[in-house]
Amino acid sequence: MGRNNERNIKKHNDKLHKEQDKAKAKKAARAEKLKAIVRKFNEEKNT
């Protein structure tokens with residue numbers, strides 16, 4: 001795919017941004033799960 005015209009540039013950028021958004025969402029979900037695990041561990045430790 002040549003990226004030398006507007007349509008191909010847009011198609012490429014859309015694909016790229018979609019992948020970046022997926023990675024960002026994956027990272028956020030992982031951080032949220034980790035937070036929940038730490039919170040649960042701390043609750044069990046305190047009781």
Nearest non-hydrogen partners of N8 and N5, listed with the distance: N-OD1, 2.9 Å
Pairs satisfying side-chain hydrogen bond (donor to acceptor under 3.5 Å, both in side chains), at least one member in residues 19-44, at least two apart: none
Separation between NE2 of H17 and NE2 of H12, rounded to the nearest 0.5 Å: 8.5 Å
Carboxylate-amine/guanidinium proximity below 4.0 Å for D14 and K18: no
